[in-house]
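Working notes for the structure below.
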Amino acid sequence: VALSLVAHVGALARRGAAPRAQTAPQRQRVAVGGSEQPVAMDADAGGGAFAAPTAPERGLAWYGVRCAQVALVLLTGALVARALATGHGPFANQHEFAVSFGWGMLAAAVFFEWRYRIRALSVAVLPVALAMLMYADTVDADVAPLVPALQNHLLLTVHVATAVAAYGAAAVAFGAAVL
């Protein structure tokens, strides 16, 4: 998560320092369709929907996204391992919930970056997720039996899983508001 944050901040700083072109992209007319009289449509000269596919750019932002995705996979594996070790979802103590909350924020950030291609959002969301994971490292991580109030596995899992998803979405909304 920390590597992803550093890469995203570096990419954002680099993008802000790059000179911006002052001209609008030129447009050209292209023929589309297979009928006898093809329809002419506008397409961006620099690409658009009609351009040949290009190789993905592998800059700092690309590495930031990949680091976040790897962190999400590793954190998912850690939560699954914890659930298998304890016999219940990883939601019974403060450590488990903090890790789950960090996972929810990271999952929401990765989803929104993938869906909407808003990489700058990670600059505001990843520090919160990183802080939550650092907090989880400071609290007691010992496995203990569930207290009687938490022994309804289905309700506990549904309740906390929806809370984690909601907190993850709220963290993305927070990041958007900050930006």
Side-chain angles (χ1 to χ4, degrees), residues 1-21 46-47 53-86 88-144 150 155-179:
V1 175
L3 288 174
S4 178
L5 178 60
V6 168
H8 276 96
V9 168
L12 192 63
R14 200 170 181 199
R15 184 174 148 220
R20 299 195 190 281
T54 59
E57 182 181 331
R58 296 213 176 180
L60 279 175
W62 184 87
Y63 286 107
V65 170
R66 295 307 170 262
C67 283
Q69 291 170 345
V70 168
L72 180 62
V73 169
L74 293 174
L75 203 51
T76 302
L79 286 173
V80 168
R82 178 77 177 201
L84 292 174
T86 61
H88 56 78
F91 316 126
N93 60 28
Q94 192 62 30
H95 169 78
E96 292 173 352
F97 185 73
V99 172
S100 298
F101 186 18
W103 178 89
M105 288 186 282
L106 188 58
V110 166
F111 172 77
F112 277 92
E113 191 286 322
W114 168 77
R115 177 68 177 93
Y116 298 106
R117 302 284 187 231
I118 304 173
R119 290 186 177 141
L121 193 59
S122 294
V123 174
V125 176
L126 290 178
V128 181
L130 183 61
M132 186 57 65
L133 293 173
M134 290 170 57
Y135 167 73
D137 197 34
T138 65
V139 296
D140 185 24
D142 292 339
V143 176
L150 299 178
L155 288 180
L156 173 68
T157 302
V158 169
H159 169 75
V160 178
T162 56
V164 165
Y167 289 155
V172 170
F174 161 77
V178 166
L179 293 178

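Quick caveat: nothing in here was measured; it's all calculated off a predicted structure.
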Query raised in the report: Could you walk me through whether Thr86 and Glu96 pass the side chain to side chain contact (heavy atoms under 4.5 Å, CB included) check?
Result: CA-CA 11 Å; Thr86 61; Glu96 292 173 352; 3.7 Å; yes
**Report entry** Residue pair Asp140, Gln94: steps toward the side chain to side chain contact (heavy atoms under 4.5 Å, CB included) verdict
**Finding:** CA-CA 8 Å; Asp140 185 24; Gln94 192 62 30; over 6 Å; no
Report task. Evaluate side chain to side chain contact (heavy atoms under 4.5 Å, CB included) for Val123 paired with Val178, printing each intermediate quantity in order. Result -> CA-CA 10 Å; Val123 174; Val178 166; over 6 Å; no
Requested in this report: Step by step, work out the side chain to side chain contact (heavy atoms under 4.5 Å, CB included) result for Phe97 and Tyr167.
Outcome: CA-CA 11 Å; Phe97 185 73; Tyr167 289 155; 3.6 Å; yes
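Of the candidates Pro127, Ser122, Cys67, Leu5 forms a side-chain contact (heavy atoms from CB on, under 4.5 Å) with just one, namely Pro127.
The shortest heavy-atom contact between Val164 and Ser100 is CG1-O, 3.1 Å. Taking both residues in full, the closest heavy atoms of Val125 and Val172 are given as CG2-CA, 3.8 Å, listed atom of the first, atom of the second, then distance. Summarising the geometry of Ala61 relative to His8, their closest heavy-atom pair is O-NE2, 4.4 Å, with the distance given to 0.1 Å. Smallest separation of non-hydrogen atoms from Ala68 and Ser4: CB-OG, 3.4 Å. Ala171 and Met105 get closest at one heavy-atom pair: CB-CG, 3.4 Å. Residue Phe174 comes nearest to Ala124 through the heavy atom pair CE2-O, 4.2 Å, listed as atom of the first residue, atom of the second, then distance.
Annotation: the span from Leu121 atom CG to Leu126 atom CG amounts to 9.0 Å, rounded to 0.5 Å. Leu79 CG to Leu74 CG: the interatomic distance, rounded to the nearest 0.5 Å, is 11.0 Å. If you take CZ on Arg115 and CZ on Arg117, they are separated by 10.0 Å, rounding to the nearest 0.5 Å.
In this structure, Phe111 and Trp114 have tilted ring planes: the angle between them lies in the 30° to 60° band.
Residue pairs meeting the salt bridge (Lys or Arg N to Asp or Glu O under 4.0 Å) criterion with at least one member in residues 163-179, sequence neighbours excluded, do not occur.
Leu133 places none of its side-chain heavy atoms less than 4.5 Å from the side chain of Leu106. Residues Arg82 and His95 are in side-chain contact: their nearest non-hydrogen atoms beyond the backbone lie under 4.5 Å apart. Side-chain contact between Arg14 and Leu60 is present, with at least one heavy-atom pair separated by less than 4.5 Å. Looking at Phe112 and Ile118, their side chains never come closer than 4.5 Å, going by heavy atoms from C-beta outward.
The main-chain N or O of Asp142 is found under 3.5 Å from a side-chain atom of Asn93 such that the two form a donor-acceptor pair.
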